[in-house]
*Asks:* 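Submitted below is the structure of interest, expressed as structure tokens.
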Amino acid sequence: MPSFAPRPLAIAPSILASDFSKLGEEVRAVDQAGADWIHLDVMDGHFVPNISYGPDVIKAMRPHTKKIFDAHLMIAPCDPYLEAFAKAGCDHITVHAEAGPHLHRSLQAIRALGKKAGVSLNPGTHPSVLEYVLDDLDLVLVMSVNPGFGGQAFIPSAIEKIKAIRAMIAGRPIDIEVDGGVSDKVAGELAAAGANALVAGSAVFKGGTLEAYKANIAAIRNAALSARGEVV
């Protein structure tokens, strides 16, 4: 595999695993604990079997941190809602390749709103769906669980998929993000495969305190940095 300069490492705590009764406080806590991005799982009860939150809740979280808001839209259709998520303060907007028939159009619309455009792939989706949209992409999100619920076990086949996507990207400035069952136990393997953005929910929010969040984020970051050959 050709060697390309790695993208900066980002740890992105998933707010889905936080205490929803104190969202603002939880956002501030993971910010202080060392989060690089704040990952926002948006679910509609239609594309995935769960309902989470929408633009108004994201807008309410936005004043609590200056960190990147990394929105993952598990909704179909997504196009009618892109502007609302942009206005709510999302910096990255990621749509699912499986969520609609016009992926290229969705990515164009996200970039036209001045946001970074991402595509997410379910565990059963082949990376070839990215081939003709690579130049319209800023981010690829590999699902290492079936989307819809937190706390699921990591699906190991995601590793080979990440390697394939890294080769396909061929040095373009595209982040490879992975979401699902991520912890310090798999972070090294994911980083070695080519993922540079790691979403973690349960693994970050376990413990329920700022000190616990700091330790949890540091454990994931150190495992990934070590695998990348960077000083821990």
*Asks:* Kindly give the heavy-atom pair with the smallest separation between Ala76 and Phe47, and that separation in Å.
*Replies:* N-CB, 3.8 Å
*Asks:* Is there a donor-acceptor pair closer than 3.5 Å between any side-chain N or O of Asn122 and the backbone N or O of Gly124?
*Replies:* no
*Asks:* Please answer whether the main-chain N or O of Asp79 pairs with a side-chain N or O of Arg105 as donor and acceptor at a distance below 3.5 Å.
*Replies:* no
*Asks:* Inspect the surroundings of CZ in Arg172 and state if more than 12 heavy atoms from other residues, nucleotides or ligands are less than 6.0 Å away.
*Replies:* yes
*Asks:* For Gln32 and Tyr213, what are the C-alpha separation, side-chain angles and deciding distance, and is it a side-chain hydrogen bond (donor to acceptor under 3.5 Å, both in side chains)?
*Replies:* CA-CA 9 Å; Gln32 293 170 33; Tyr213 300 168; over 6 Å; no
*Asks:* Identify which one of Lys66, Lys67, Lys214 satisfies the salt bridge (charged side-chain N to carboxylate O under 4.0 Å, His left out) criterion when paired with Asp31.
*Replies:* Lys67
*Asks:* Rounded at 0.5 Å granularity, tell me how far SG in Cys90 sits from CD1 in Ile38.
*Replies:* 12.0 Å
*Asks:* Going only through I, L, V, M, F, W and Y residues with side-chain contacts under 4.5 Å, is there a path from Ile93 to Val133?
*Replies:* yes
*Asks:* Has Gln152 got more than 12 heavy atoms of other residues, nucleotides or ligands less than 6.0 Å from its CD?
*Replies:* yes
*Asks:* Please check if Met61 and Ile75 belong to a single hydrophobic cluster, counting links between Ile, Leu, Val, Met, Phe, Trp and Tyr side chain heavy atoms closer than 4.5 Å.
*Replies:* yes
*Asks:* What distance do His96 atom NE2 and Leu121 atom CG have between them, rounded to the nearest 0.5 Å?
*Replies:* 8.5 Å
*Asks:* Is the distance from the ring center of His72 to that of His92 below 6.0 Å?
*Replies:* no
*Asks:* Minimum heavy-atom separation for Asn196 and Pro8, please, with both atom names.
*Replies:* ND2-O, 2.9 Å
*Asks:* Between Val182 and Val199, is any pair of side-chain heavy atoms under 4.5 Å apart?
*Replies:* no
*Asks:* Do Asp184 and Asn222 come close enough that some side-chain heavy atom pair is under 4.5 Å?
*Replies:* no
*Asks:* Is the closest side-chain heavy-atom distance between Phe154 and Ile159 below 4.5 Å?
*Replies:* yes
*Asks:* Under a 4.5 Å side-chain heavy-atom rule over Ile, Leu, Val, Met, Phe, Trp and Tyr, are Tyr53 and Ile68 clustered together?
*Replies:* no
*Asks:* One thing to verify: whether Glu160 and Lys163 come together as a salt bridge, which I'm taking to mean a side-chain N less than 4.0 angstrom from a carboxylate O.
*Replies:* yes
*Asks:* I'd like to know if the side chain of Asp136 reaches the main chain of Gln108, judged simply by a donor and an acceptor atom lying under 3.5 Å from each other, with no hydrogens or angles considered.
*Replies:* no
*Asks:* Locate the shortest heavy-atom distance separating Asn216 from Ala203; write the atom from each residue and the value.
*Replies:* CB-O, 3.1 Å
*Asks:* Between Lys116 and Leu139, does a side-chain contact (heavy atoms from CB on, under 4.5 Å) hold up when you go through it step by step?
*Replies:* CA-CA 8 Å; Lys116 290 195 171 182; Leu139 183 152; over 6 Å; no
*Asks:* Of all heavy-atom pairs between Gly181 and Val186, which one has the smallest distance, and what is that distance?
*Replies:* O-CG2, 3.8 Å
*Asks:* Kindly determine whether Lys115 and Asp138 satisfy salt bridge (Lys or Arg N to Asp or Glu O under 4.0 Å), including the steps that lead there.
*Replies:* CA-CA 9 Å; Lys115 306 301 180 179; Asp138 300 293; over 6 Å; no
*Asks:* If we only count heavy atoms from C-beta on, is the Met74 to Asn50 side-chain gap below 4.5 Å?
*Replies:* no
*Asks:* Closer than 4.0 angstrom, basic N to acidic O: yes or no for Asp91 and Arg62?
*Replies:* yes
*Asks:* Taking atom CD1 of Ile165 and atom CD1 of Ile174, what is their separation to the nearest 0.5 Å?
*Replies:* 10.0 Å
*Asks:* For Ile155, which residues count as a side-chain contact (heavy atoms from CB on, under 4.5 Å) partner, sequence neighbours excluded?
*Replies:* Pro123, Asn146, Ser157
*Asks:* For Glu98 and Thr125, indicate whether the former's side chain and the latter's backbone hold a donor-acceptor pair under 3.5 Å.
*Replies:* no
*Asks:* Does any part of the side chain of Ile176, heavy atoms only, come nearer than 4.5 Å to the side chain of Arg7, both counted from C-beta?
*Replies:* no
*Asks:* Output all residues satisfying side-chain hydrogen bond (donor to acceptor under 3.5 Å, both in side chains) with Thr94, sequence neighbours left out; order by chain, then residue number.
*Replies:* none
*Asks:* Is a side-chain N or O of Asp19 found less than 3.5 angstrom from the main chain of Ser21, in a donor-acceptor match?
*Replies:* yes
*Asks:* Just by distance, no angles: are the side chains of Asp179 and His39 close enough, under 3.5 Å, to form a donor-acceptor pair?
*Replies:* yes
*Asks:* Where the side chain of Ser52 meets the backbone of Asp41, is there a donor-acceptor pair that is under 3.5 Å apart?
*Replies:* yes
*Asks:* Do Leu190 and Val142 have side-chain heavy atoms sitting under 4.5 Å apart?
*Replies:* no
*Asks:* Please find the pair of heavy atoms, one from Ala200 and one from Ile220, that lie closest to each other, and give the distance.
*Replies:* CB-CD1, 3.7 Å
*Asks:* Under a 4.5 Å cut-off applied to non-hydrogen side-chain atoms, are Val204 and Ser14 in contact?
*Replies:* no
*Asks:* Could you check if a side-chain atom of Met43 sits within less than 4.5 angstrom of a side-chain atom of Leu16, using non-hydrogen atoms only?
*Replies:* yes
*Asks:* Identify whether Phe20 and Val30 are in the same connected component of the hydrophobic contact network (ILVMFWY, side-chain heavy atoms under 4.5 Å).
*Replies:* yes
*Asks:* Quick one: pull up CG in Leu137 and CG in Leu107 and give me the separation to the nearest 0.5 Å.
*Replies:* 5.5 Å
*Asks:* Could you see if Val140 belongs to whatever hydrophobic cluster contains Leu73? Use Ile, Leu, Val, Met, Phe, Trp, Tyr and a side-chain cutoff under 4.5 Å.
*Replies:* yes
*Asks:* Please give me the minimum heavy-atom distance between Val48 and Pro147, naming the atom from each residue.
*Replies:* CG1-O, 3.7 Å
*Asks:* First locate atom CG of Leu225, then atom CD of Glu230, and finally report the distance between them rounded to the nearest 0.5 Å.
*Replies:* 5.5 Å
*Asks:* CG/Leu198 to CD1/Ile217 distance, rounded to the nearest 0.5 angstrom?
*Replies:* 11.5 Å
